[in-house]
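Owing to the predicted nature of the structure, the values given are computational and were not obtained by experimental measurement.
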Amino acid sequence: MPSPLVIPPTYAPIPSAIHPSHAAIDKQTAAWADQFDLGSPQWRSRLATQDIGAFAARILPEGQEEVVAVLSDFVIWLFAVDDGYCEEGHLADKPYELAAVLHRLLRVAQNPQTPMLAGDPLAEGLRDLTLRVSRWGTALQVGRWVDTLREYFFAVVWEAEQRAANRVPTLNDYTLMRLYDGATSVVQPFLEMGYGYELQPHERDSPALRAAAEMTSFITTWDNDIYSHHKESRGTGYYLNSVRVLMHEYDLGPEAALTTAVAQRDRVMCLFLSLRAKLEDQGSPQMRQYLRSLAAFIRATQDWSITSLRYTTPDDPADLPQAFTDRPTDDSTEPLDIASISWWWDLVPASRTDPLGGRFSGTGHARPV
(Lines give C-alpha, C1' and ligand atoms only; values in the text may rest on other atoms or scores of the structure.)
Protein backbone atom coordinates (compact mmCIF):
# COMPACT_ATOMS: atom_id res chain seq x y z
CA MET A 1 0.00 0.00 0.00
CA PRO A 2 1.43 3.44 -0.95
CA SER A 3 2.63 5.83 1.72
CA PRO A 4 0.09 8.44 2.83
CA LEU A 5 0.20 11.84 1.21
CA VAL A 6 2.05 14.38 3.33
CA ILE A 7 -0.49 17.12 4.06
CA PRO A 8 1.26 20.48 4.41
CA PRO A 9 0.29 23.06 7.03
CA THR A 10 -2.73 24.89 5.63
CA TYR A 11 -3.37 28.62 5.61
CA ALA A 12 -5.26 29.61 8.78
CA PRO A 13 -5.71 33.38 9.16
CA ILE A 14 -8.74 33.00 11.46
CA PRO A 15 -8.15 32.74 15.24
CA SER A 16 -9.00 29.49 17.02
CA ALA A 17 -11.76 29.42 19.68
CA ILE A 18 -13.89 26.86 21.49
CA HIS A 19 -16.94 26.97 23.75
CA PRO A 20 -15.99 26.40 27.42
CA SER A 21 -18.60 23.63 27.79
CA HIS A 22 -17.19 21.52 24.96
CA ALA A 23 -16.35 18.48 27.11
CA ALA A 24 -19.84 18.30 28.63
CA ILE A 25 -21.44 18.78 25.21
CA ASP A 26 -19.30 16.00 23.75
CA LYS A 27 -20.38 13.63 26.53
CA GLN A 28 -24.02 14.60 26.12
CA THR A 29 -23.92 13.94 22.36
CA ALA A 30 -22.54 10.42 22.92
CA ALA A 31 -25.43 9.78 25.32
CA TRP A 32 -27.92 11.21 22.81
CA ALA A 33 -26.68 8.83 20.09
CA ASP A 34 -27.10 5.93 22.53
CA GLN A 35 -30.60 7.12 23.47
CA PHE A 36 -31.75 6.98 19.85
CA ASP A 37 -29.74 3.86 18.99
CA LEU A 38 -28.03 5.48 16.03
CA GLY A 39 -25.91 3.08 14.01
CA SER A 40 -24.38 0.03 15.65
CA PRO A 41 -22.88 -0.03 19.15
CA GLN A 42 -19.46 -0.32 17.51
CA TRP A 43 -20.16 2.71 15.32
CA ARG A 44 -21.32 4.78 18.30
CA SER A 45 -18.29 3.71 20.31
CA ARG A 46 -16.03 4.86 17.49
CA LEU A 47 -17.85 8.20 17.03
CA ALA A 48 -17.69 8.84 20.77
CA THR A 49 -13.89 9.16 20.45
CA GLN A 50 -14.01 11.66 17.60
CA ASP A 51 -14.77 14.87 19.52
CA ILE A 52 -18.05 15.73 17.79
CA GLY A 53 -18.99 18.04 20.64
CA ALA A 54 -15.70 19.88 20.33
CA PHE A 55 -16.37 20.45 16.63
CA ALA A 56 -19.75 22.04 17.35
CA ALA A 57 -18.21 24.02 20.21
CA ARG A 58 -15.62 25.45 17.83
CA ILE A 59 -18.30 26.52 15.34
CA LEU A 60 -20.21 28.42 18.05
CA PRO A 61 -17.49 29.31 20.58
CA GLU A 62 -19.61 31.97 22.29
CA GLY A 63 -23.05 30.64 21.39
CA GLN A 64 -25.90 29.58 23.64
CA GLU A 65 -24.91 26.25 25.17
CA GLU A 66 -28.29 24.65 24.40
CA VAL A 67 -27.93 25.47 20.71
CA VAL A 68 -24.35 24.18 20.63
CA ALA A 69 -25.70 20.93 22.09
CA VAL A 70 -28.41 20.69 19.40
CA LEU A 71 -25.79 21.33 16.71
CA SER A 72 -23.51 18.67 18.18
CA ASP A 73 -26.34 16.11 18.18
CA PHE A 74 -27.25 17.11 14.64
CA VAL A 75 -23.66 16.61 13.47
CA ILE A 76 -23.55 13.07 14.85
CA TRP A 77 -26.95 12.43 13.23
CA LEU A 78 -25.50 13.60 9.91
CA PHE A 79 -22.60 11.20 10.35
CA ALA A 80 -25.12 8.43 10.97
CA VAL A 81 -26.84 9.27 7.68
CA ASP A 82 -23.55 9.61 5.81
CA ASP A 83 -21.83 6.54 7.24
CA GLY A 84 -24.96 4.42 7.46
CA TYR A 85 -26.65 5.26 4.17
CA CYS A 86 -24.65 7.45 1.86
CA GLU A 87 -21.02 6.41 2.00
CA GLU A 88 -20.49 3.09 3.74
CA GLY A 89 -24.03 1.74 3.97
CA HIS A 90 -26.07 -0.59 1.80
CA LEU A 91 -27.68 2.30 -0.11
CA ALA A 92 -24.38 3.96 -1.02
CA ASP A 93 -24.68 2.94 -4.68
CA LYS A 94 -28.49 2.74 -4.93
CA PRO A 95 -29.60 6.30 -5.69
CA TYR A 96 -33.27 5.46 -6.28
CA GLU A 97 -33.68 3.59 -3.02
CA LEU A 98 -31.65 6.21 -1.17
CA ALA A 99 -33.84 9.00 -2.55
CA ALA A 100 -36.96 7.23 -1.26
CA VAL A 101 -35.54 6.86 2.27
CA LEU A 102 -34.28 10.43 2.42
CA HIS A 103 -37.60 11.77 1.12
CA ARG A 104 -39.37 10.09 4.03
CA LEU A 105 -36.86 11.57 6.47
CA LEU A 106 -37.43 15.00 4.95
CA ARG A 107 -41.13 14.61 5.64
CA VAL A 108 -40.33 13.92 9.29
CA ALA A 109 -38.30 17.16 9.41
CA GLN A 110 -41.16 19.07 7.80
CA ASN A 111 -43.67 17.66 10.29
CA PRO A 112 -42.34 15.62 13.24
CA GLN A 113 -45.87 14.36 13.99
CA THR A 114 -46.04 12.58 10.63
CA PRO A 115 -46.93 8.92 11.39
CA MET A 116 -44.19 7.34 9.31
CA LEU A 117 -40.86 5.61 10.00
CA ALA A 118 -41.99 5.00 13.57
CA GLY A 119 -39.24 3.31 15.54
CA ASP A 120 -36.57 4.07 12.93
CA PRO A 121 -33.53 5.44 14.83
CA LEU A 122 -32.68 8.11 12.27
CA ALA A 123 -36.30 9.26 12.03
CA GLU A 124 -36.75 9.34 15.81
CA GLY A 125 -33.50 11.26 16.23
CA LEU A 126 -34.60 13.71 13.54
CA ARG A 127 -37.96 14.20 15.27
CA ASP A 128 -36.14 15.17 18.44
CA LEU A 129 -33.79 17.48 16.57
CA THR A 130 -36.65 19.18 14.71
CA LEU A 131 -38.52 19.91 17.93
CA ARG A 132 -35.37 21.38 19.50
CA VAL A 133 -34.49 23.43 16.41
CA SER A 134 -38.06 24.80 16.49
CA ARG A 135 -37.58 25.74 20.14
CA TRP A 136 -34.44 27.81 19.48
CA GLY A 137 -34.99 29.04 15.94
CA THR A 138 -37.52 31.39 14.39
CA ALA A 139 -40.07 30.04 11.93
CA LEU A 140 -37.95 31.41 9.09
CA GLN A 141 -34.80 29.75 10.41
CA VAL A 142 -36.54 26.41 10.87
CA GLY A 143 -37.85 26.63 7.31
CA ARG A 144 -34.40 27.40 5.98
CA TRP A 145 -32.94 24.50 7.94
CA VAL A 146 -35.45 22.12 6.33
CA ASP A 147 -34.64 23.62 2.91
CA THR A 148 -30.91 23.07 3.42
CA LEU A 149 -31.61 19.51 4.54
CA ARG A 150 -33.40 18.99 1.22
CA GLU A 151 -30.36 20.37 -0.62
CA TYR A 152 -28.09 17.99 1.27
CA PHE A 153 -30.30 14.97 0.56
CA PHE A 154 -30.51 15.88 -3.13
CA ALA A 155 -26.73 16.15 -3.36
CA VAL A 156 -25.96 12.83 -1.65
CA VAL A 157 -28.35 11.08 -4.05
CA TRP A 158 -26.28 12.57 -6.88
CA GLU A 159 -23.18 11.22 -5.14
CA ALA A 160 -24.78 7.75 -4.93
CA GLU A 161 -25.43 7.88 -8.66
CA GLN A 162 -21.75 8.65 -9.32
CA ARG A 163 -20.81 5.74 -7.08
CA ALA A 164 -23.23 3.38 -8.84
CA ALA A 165 -21.71 4.29 -12.20
CA ASN A 166 -18.15 4.19 -10.80
CA ARG A 167 -17.78 7.61 -12.36
CA VAL A 168 -15.42 10.45 -11.45
CA PRO A 169 -17.34 13.69 -12.11
CA THR A 170 -15.93 16.79 -13.72
CA LEU A 171 -14.34 19.35 -11.44
CA ASN A 172 -17.17 21.80 -12.11
CA ASP A 173 -19.91 19.29 -11.26
CA TYR A 174 -18.06 18.06 -8.20
CA THR A 175 -17.50 21.60 -6.93
CA LEU A 176 -21.15 22.49 -7.34
CA MET A 177 -22.49 19.42 -5.57
CA ARG A 178 -19.80 19.57 -2.87
CA LEU A 179 -21.30 22.87 -1.72
CA TYR A 180 -24.24 20.77 -0.54
CA ASP A 181 -23.23 17.13 -0.05
CA GLY A 182 -20.62 18.17 2.51
CA ALA A 183 -23.51 19.07 4.86
CA THR A 184 -22.11 22.55 5.40
CA SER A 185 -25.18 24.54 4.37
CA VAL A 186 -27.33 22.58 6.86
CA VAL A 187 -25.11 23.87 9.68
CA GLN A 188 -25.36 27.53 8.65
CA PRO A 189 -28.86 28.19 10.11
CA PHE A 190 -27.38 27.36 13.53
CA LEU A 191 -25.01 30.31 13.18
CA GLU A 192 -27.98 32.62 13.75
CA MET A 193 -29.78 30.45 16.30
CA GLY A 194 -26.66 30.13 18.40
CA TYR A 195 -26.49 33.85 19.00
CA GLY A 196 -30.22 34.58 19.14
CA TYR A 197 -30.72 36.85 16.13
CA GLU A 198 -32.26 36.71 12.67
CA LEU A 199 -30.67 38.21 9.58
CA GLN A 200 -32.83 40.57 7.57
CA PRO A 201 -33.93 38.97 4.26
CA HIS A 202 -32.31 41.71 2.17
CA GLU A 203 -28.97 40.87 3.79
CA ARG A 204 -29.27 37.09 3.99
CA ASP A 205 -30.44 36.77 0.37
CA SER A 206 -28.01 39.26 -1.14
CA PRO A 207 -25.65 37.66 -3.66
CA ALA A 208 -22.65 38.90 -1.68
CA LEU A 209 -23.64 37.18 1.57
CA ARG A 210 -24.71 34.07 -0.31
CA ALA A 211 -21.28 34.05 -1.93
CA ALA A 212 -19.60 34.36 1.48
CA ALA A 213 -21.62 31.37 2.73
CA GLU A 214 -20.75 29.37 -0.39
CA MET A 215 -17.07 30.22 -0.01
CA THR A 216 -17.29 28.89 3.53
CA SER A 217 -18.74 25.65 2.17
CA PHE A 218 -16.01 25.41 -0.45
CA ILE A 219 -13.17 26.01 1.99
CA THR A 220 -14.52 23.61 4.62
CA THR A 221 -15.26 20.82 2.13
CA TRP A 222 -11.90 21.22 0.38
CA ASP A 223 -10.24 21.09 3.79
CA ASN A 224 -12.28 18.00 4.63
CA ASP A 225 -11.22 16.37 1.37
CA ILE A 226 -7.58 17.19 1.99
CA TYR A 227 -7.59 15.91 5.57
CA SER A 228 -9.79 12.87 4.89
CA HIS A 229 -8.12 11.73 1.67
CA HIS A 230 -6.00 9.17 3.49
CA LYS A 231 -8.98 7.66 5.31
CA GLU A 232 -11.14 7.56 2.18
CA SER A 233 -8.49 6.25 -0.19
CA ARG A 234 -7.70 3.37 2.21
CA GLY A 235 -11.29 2.16 2.09
CA THR A 236 -12.50 -0.72 -0.04
CA GLY A 237 -15.33 1.15 -1.75
CA TYR A 238 -15.64 3.94 -4.25
CA TYR A 239 -14.93 7.41 -2.90
CA LEU A 240 -15.34 10.98 -4.11
CA ASN A 241 -12.74 13.54 -3.11
CA SER A 242 -11.37 16.74 -4.64
CA VAL A 243 -7.87 15.27 -4.81
CA ARG A 244 -9.15 12.33 -6.82
CA VAL A 245 -11.27 14.62 -9.02
CA LEU A 246 -8.27 16.85 -9.74
CA MET A 247 -6.14 13.82 -10.61
CA HIS A 248 -8.80 12.77 -13.13
CA GLU A 249 -9.53 16.28 -14.46
CA TYR A 250 -5.93 17.29 -15.15
CA ASP A 251 -4.16 13.92 -15.35
CA LEU A 252 -2.15 14.66 -12.21
CA GLY A 253 -0.37 12.45 -9.74
CA PRO A 254 -1.57 12.44 -6.12
CA GLU A 255 1.02 14.94 -4.86
CA ALA A 256 0.38 17.42 -7.68
CA ALA A 257 -3.38 17.09 -7.19
CA LEU A 258 -2.97 17.75 -3.47
CA THR A 259 -0.88 20.85 -4.19
CA THR A 260 -3.59 22.08 -6.57
CA ALA A 261 -6.37 21.47 -4.03
CA VAL A 262 -4.47 23.39 -1.35
CA ALA A 263 -3.87 26.29 -3.76
CA GLN A 264 -7.54 26.40 -4.71
CA ARG A 265 -8.74 26.56 -1.10
CA ASP A 266 -6.11 29.21 -0.32
CA ARG A 267 -7.24 31.39 -3.21
CA VAL A 268 -10.86 31.14 -2.07
CA MET A 269 -9.80 31.85 1.52
CA CYS A 270 -8.13 35.09 0.39
CA LEU A 271 -11.28 36.01 -1.53
CA PHE A 272 -13.45 35.25 1.51
CA LEU A 273 -11.33 37.55 3.68
CA SER A 274 -11.63 40.38 1.16
CA LEU A 275 -15.39 39.99 0.79
CA ARG A 276 -15.85 39.65 4.55
CA ALA A 277 -13.96 42.92 5.15
CA LYS A 278 -16.16 44.75 2.65
CA LEU A 279 -19.40 43.35 4.05
CA GLU A 280 -18.37 44.15 7.62
CA ASP A 281 -17.86 47.78 6.60
CA GLN A 282 -21.42 48.17 5.32
CA GLY A 283 -23.45 45.47 7.08
CA SER A 284 -25.65 45.43 10.16
CA PRO A 285 -24.42 44.12 13.53
CA GLN A 286 -26.25 40.88 12.76
CA MET A 287 -24.43 40.52 9.44
CA ARG A 288 -21.10 41.13 11.12
CA GLN A 289 -21.86 38.42 13.68
CA TYR A 290 -22.88 36.05 10.90
CA LEU A 291 -19.61 36.69 9.07
CA ARG A 292 -17.67 36.03 12.29
CA SER A 293 -19.53 32.74 12.59
CA LEU A 294 -18.76 31.75 9.00
CA ALA A 295 -15.10 32.39 9.78
CA ALA A 296 -15.36 30.34 12.99
CA PHE A 297 -16.88 27.47 10.98
CA ILE A 298 -13.85 27.50 8.67
CA ARG A 299 -11.37 27.45 11.54
CA ALA A 300 -13.42 24.83 13.42
CA THR A 301 -13.07 22.44 10.48
CA GLN A 302 -9.31 22.95 10.41
CA ASP A 303 -8.78 22.52 14.15
CA TRP A 304 -11.06 19.51 14.44
CA SER A 305 -9.73 17.75 11.34
CA ILE A 306 -6.08 17.62 12.43
CA THR A 307 -6.97 16.35 15.91
CA SER A 308 -10.01 14.10 15.51
CA LEU A 309 -9.44 10.35 15.37
CA ARG A 310 -11.86 10.32 12.44
CA TYR A 311 -9.05 11.65 10.22
CA THR A 312 -5.84 10.97 12.08
CA THR A 313 -6.72 7.22 11.87
CA PRO A 314 -4.15 5.96 14.42
CA ASP A 315 -4.41 2.34 13.21
CA ASP A 316 -3.09 3.48 9.82
CA PRO A 317 -1.83 6.99 10.54
CA ALA A 318 -2.46 9.82 8.14
CA ASP A 319 0.41 12.28 7.68
CA LEU A 320 -1.46 15.37 8.86
CA PRO A 321 0.17 18.63 9.96
CA GLN A 322 0.46 19.54 13.62
CA ALA A 323 0.17 23.27 12.96
CA PHE A 324 -1.00 25.81 10.39
CA THR A 325 0.65 28.57 8.38
CA ASP A 326 -0.07 32.28 8.08
CA ARG A 327 0.88 32.38 4.39
CA PRO A 328 -1.35 31.21 1.53
CA THR A 329 0.17 29.14 -1.24
CA ASP A 330 -1.96 31.06 -3.77
CA ASP A 331 -3.21 34.62 -3.19
CA SER A 332 -4.10 35.37 -6.80
CA THR A 333 -7.17 37.54 -7.36
CA GLU A 334 -7.99 35.74 -10.61
CA PRO A 335 -11.10 33.53 -10.56
CA LEU A 336 -10.62 29.79 -10.38
CA ASP A 337 -11.41 28.07 -13.67
CA ILE A 338 -14.56 26.49 -12.23
CA ALA A 339 -17.70 27.84 -13.89
CA SER A 340 -20.08 27.15 -11.00
CA ILE A 341 -18.19 29.42 -8.59
CA SER A 342 -16.26 31.89 -10.77
CA TRP A 343 -19.00 34.50 -10.23
CA TRP A 344 -17.74 35.01 -6.67
CA TRP A 345 -14.81 37.04 -7.95
CA ASP A 346 -17.17 39.45 -9.76
CA LEU A 347 -18.44 40.62 -6.37
CA VAL A 348 -15.17 41.62 -4.74
CA PRO A 349 -13.90 45.13 -5.51
CA ALA A 350 -10.26 45.83 -6.18
CA SER A 351 -10.26 48.42 -3.41
CA ARG A 352 -11.96 48.21 -0.03
CA THR A 353 -13.35 51.71 -0.64
CA ASP A 354 -15.02 50.71 -3.92
CA PRO A 355 -18.59 49.41 -3.96
CA LEU A 356 -19.28 45.73 -4.39
CA GLY A 357 -18.79 45.03 -8.05
CA GLY A 358 -19.76 42.59 -10.75
CA ARG A 359 -23.28 41.91 -11.91
CA PHE A 360 -24.83 42.35 -8.49
CA SER A 361 -24.97 45.05 -5.88
CA GLY A 362 -24.63 44.34 -2.18
CA THR A 363 -28.38 44.78 -1.72
CA GLY A 364 -29.18 41.72 -3.75
CA HIS A 365 -30.68 43.51 -6.78
CA ALA A 366 -29.43 42.80 -10.25
CA ARG A 367 -27.41 45.62 -11.77
CA PRO A 368 -27.39 46.13 -15.54
CA VAL A 369 -24.24 45.16 -17.38
Side-chain angles (χ1 to χ4, degrees), residues 7-17 55 58-59 61 171-172 174-176 178-180 182-185 187-188 191 207-229 241-243 245-246 257-281 283 287-288 290-307 311 320-338 340-352 356-358:
I7 308 300
T10 48
Y11 178 43
I14 298 161
S16 180
F55 180 43
R58 290 185 182 279
I59 296 172
L171 176 61
N172 184 57
Y174 180 76
T175 301
L176 176 59
R178 196 73 174 109
L179 297 177
Y180 306 105
T184 52
S185 61
V187 169
Q188 290 171 3
L191 305 185
L209 197 61
R210 286 194 293 108
E214 287 188 3
M215 290 177 203
T216 301
S217 292
F218 179 92
I219 296 164
T220 55
T221 54
W222 247 237
D223 279 344
N224 178 261
D225 284 356
I226 290 166
Y227 293 127
S228 69
H229 178 266
N241 182 288
S242 62
V243 175
V245 169
L246 287 165
L258 172 64
T259 299
T260 302
V262 171
Q264 289 174 333
R265 64 84 63 197
D266 284 0
R267 192 184 299 191
V268 175
M269 176 70 90
C270 292
L271 183 70
F272 171 82
L273 295 174
S274 297
L275 180 58
R276 175 189 170 188
K278 184 61 185 177
L279 289 173
E280 285 180 335
D281 282 348
M287 179 187 278
R288 291 196 290 272
Y290 189 72
L291 290 163
R292 286 194 294 271
S293 295
L294 290 176
F297 191 4
I298 291 171
R299 182 58 192 256
T301 301
Q302 291 182 283
D303 285 331
W304 181 65
S305 297
I306 68 167
T307 58
Y311 303 119
L320 302 184
Q322 300 300 307
F324 302 109
T325 179
D326 58 0
R327 293 180 179 274
T329 62
D330 185 343
D331 60 0
S332 171
T333 58
E334 291 299 312
L336 290 176
D337 186 20
I338 304 175
S340 58
I341 63 171
S342 60
W343 68 276
W344 296 342
W345 279 263
D346 294 338
L347 295 171
V348 181
S351 168
R352 187 164 176 170
L356 288 170

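Between Leu294 and Gln188 the shortest side-chain heavy-atom distance falls below 4.5 Å. Residues Leu291 and Leu209 meet the side-chain proximity criterion, which asks for heavy atoms closer than 4.5 Å. In this structure, Pro321 and Tyr227 have side chains that are in contact, with non-hydrogen atoms separated by less than 4.5 Å. With a 4.5 Å cut-off on side-chain heavy atoms, Pro328 and Met269 do not count as touching. Residues Ile306 and Gln322 have side chains not in contact (no heavy-atom distance under 4.5 Å, counting atoms from C-beta outward). Contact annotation: the side chain of Phe272 never approaches that of Phe218 to less than 4.5 Å [non-hydrogen atoms, C-beta and beyond]. In this structure, the side chains of Arg292 and Arg276 come closer than 4.5 Å at one or more pairs of heavy atoms. Considering only heavy atoms from C-beta on, Leu336 comes within 4.5 Å of Trp345 through its side chain.
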- In sequence, state the C-alpha distance, the side-chain angles, and the governing distance for Val348 and Lys278, and then conclude on side chain to side chain contact (heavy atoms under 4.5 Å, CB included). CA-CA 8 Å; Val348 181; Lys278 184 61 185 177; over 6 Å; no
- Message: Under the criterion side chain to side chain contact (heavy atoms under 4.5 Å, CB included), I'd like the reasoning laid out for Leu275 against Trp344: C-alpha separation, chi angles, the key distance, then a yes or no.
- Response: CA-CA 9 Å; Leu275 180 58; Trp344 296 342; over 6 Å; no
- Carefully, step by step, assess Thr221 and Leu179 under the rule side chain to side chain contact (heavy atoms under 4.5 Å, CB included). CA-CA 7 Å; Thr221 54; Leu179 297 177; 5.6 Å; no
- Please assess Trp222 against Val268 for the test side chain to side chain contact (heavy atoms under 4.5 Å, CB included), listing each intermediate value before the final yes or no. CA-CA 10 Å; Trp222 247 237; Val268 175; over 6 Å; no
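Between the side chain of Arg265 and the main chain of Tyr11, a donor-acceptor pair closer than 3.5 Å is present. Remark: the backbone N or O of Asp266 is not paired with any side-chain donor or acceptor of Asp330 at under 3.5 angstrom. In this structure, Arg299 contributes its side chain and Ile14 its backbone to a donor-acceptor pair below 3.5 Å. Using a distance-only test at 3.5 Å, with no hydrogens or angles considered, no donor-acceptor pair links the side chain of Arg58 to the main chain of Ala296. Not one N or O on the side chain of Ser305 forms a donor-acceptor pair closer than 3.5 Å with the backbone of Gln302.
Across all non-hydrogen atoms, the minimal contact from Phe324 to Ala12 is CB-CB, 3.5 Å. Taking both residues in full, the closest heavy atoms of Thr220 and Ile298 are given as CG2-CA, 3.8 Å, listed atom of the first, atom of the second, then distance. The shortest non-hydrogen separation linking Pro9 to Thr325 is O-CG2, 3.5 Å. Nearest heavy-atom pair across Leu191 and Ser293 is CB-CB, 3.8 Å. Across all their heavy atoms, Leu347 and Pro207 have their closest contact at CD1-O, 3.7 Å.
When only modelled atom types and interatomic distance are considered, Thr301 and Asp223 share no side-chain donor-acceptor pair under 3.5 Å. Of the N and O atoms on the side chains of Ser217 and Thr184, at least one donor lies less than 3.5 Å from an acceptor on the other residue. If you check the side chains of Arg178 and Asn224, you find a donor sitting under 3.5 Å from an acceptor.
Listed by chain and residue number, Trp304 satisfy the ring pair (Phe, Tyr, Trp, His ring centres under 6.0 Å) test with Phe55 (two or more places apart in sequence, or in another chain). When the side chain to side chain donor-acceptor pair (under 3.5 Å) test is applied to Ser242, the partners found at least two apart in sequence or on another chain are Asp225.
For the atom pair CE of Met215 and CG of Leu271, the computed distance is 4.0 Å after rounding to the nearest 0.5 Å.
Note on Arg267 versus Asp331: no salt bridge recorded, every NZ/NE/NH1/NH2 to OD/OE distance being 4.0 Å or above.
Screening Ile341, Ile338, Asp337 for a side-chain contact (heavy atoms from CB on, under 4.5 Å) involving Gln264 leaves a single residue, Ile338.
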